[in-house]
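Step one of this worksheet: look at the structure below.
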Amino acid sequence: MLKKIIVSLLITFSFNAFAFNETHSKIAMIETRDIDVNDIYVSGTIHSQGWQVNDRVLIDVSKPGGKAMLSAALSALMANKQVTVRYEGCLGYAPKALAIIVKP
């Protein structure tokens, strides 16, 4: 019984913590430079956690999954689709993207 309570509390807290670090919006613009970090500008609000900018997330394409996230962002931008952007931590001056989910 105690095990069930602890597991349910862990699941509840993990969902609450993770839900704060996402935004539902459209991709407004993508900025690509000669380094491996790409700025993905969103039209929605990114909850401020002390970053210098709150209008974008950063994708490091040299990391695993980075190229797939950039591809999803480009597809969503071209198709004008709604996305869910999950982010956590900081990559320099803005939040680091964990996932970009394109809505149907």
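Sequential numbering from 1 along the given sequence is applied to the chain's residues.
- Considering only heavy atoms from C-beta on, I30 comes within 4.5 Å of L70 through its side chain.
- Counting all heavy atoms, side chain and backbone alike, A73 lies closest to I27 at O-CG1, 4.0 Å.
- Here the side chains of I101 and V83 are not in contact, with every heavy-atom distance at 4.5 Å or above.
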Problem set entry | Intermediate values then yes/no, side chain to side chain contact (heavy atoms under 4.5 Å, CB included), L91 and D60 | CA-CA 8 Å; L91 189 62; D60 186 349; 4.0 Å; yes
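- Here the side chains of I40 and L58 are not in contact, with every heavy-atom distance at 4.5 Å or above.
- Of all the heavy atoms in V57 and A97, the pair that sits closest is CG2-CB, 3.9 Å.
- K81 contributes atom NZ, which lies 10.5 Å from atom OG of S75 (distance to the nearest 0.5 angstrom).
- Between I100 and I59, the closest side-chain pair of non-hydrogen atoms falls below 4.5 Å.
- Once rounded to the nearest 0.5 Å, the distance linking OG of S43 with CG of D55 reads 11.0 Å.
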For this session: Show your working on side chain to side chain contact (heavy atoms under 4.5 Å, CB included) between N21 and Y87 and close with a plain yes or no.
Result: CA-CA 5 Å; N21 292 324; Y87 53 92; 4.1 Å; yes
Exercise. Between N80 and K26, is a side chain to side chain contact (heavy atoms under 4.5 Å, CB included) present by the stated rule, with each step listed?
Worked result: CA-CA 7 Å; N80 199 28; K26 291 189 175 182; 3.5 Å; yes
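- The side chain to side chain donor-acceptor pair (under 3.5 Å) pairs that include a residue from residues 92-104 are R33-Y93, D39-Y93, T84-K103, where partners are two or more places apart or lie in different chains.
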Exercise. So N38 and V61, side chain to side chain contact (heavy atoms under 4.5 Å, CB included) or not? Walk me through it.
Worked result: CA-CA 8 Å; N38 298 281; V61 295; 3.2 Å; yes
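- Both M69 and L77 are assigned to one and the same hydrophobic cluster, defined by single-linkage of ILVMFWY side chains at heavy-atom distances under 4.5 Å.
- Put simply, the side chain of S71 never gets that close to the backbone of K67: no donor and acceptor are under 3.5 Å apart.
- Across all their heavy atoms, W51 and A94 have their closest contact at CD1-C, 4.0 Å.
- In this structure, T23 contributes its side chain and T45 its backbone to a donor-acceptor pair below 3.5 Å.
- Contact between A72 and V102 at its shortest, heavy atoms only, is O-CG2, 3.6 Å.
- For the residue pair Y41 and E31, a side-chain donor N or O sits within less than 3.5 Å of a side-chain acceptor on the partner.
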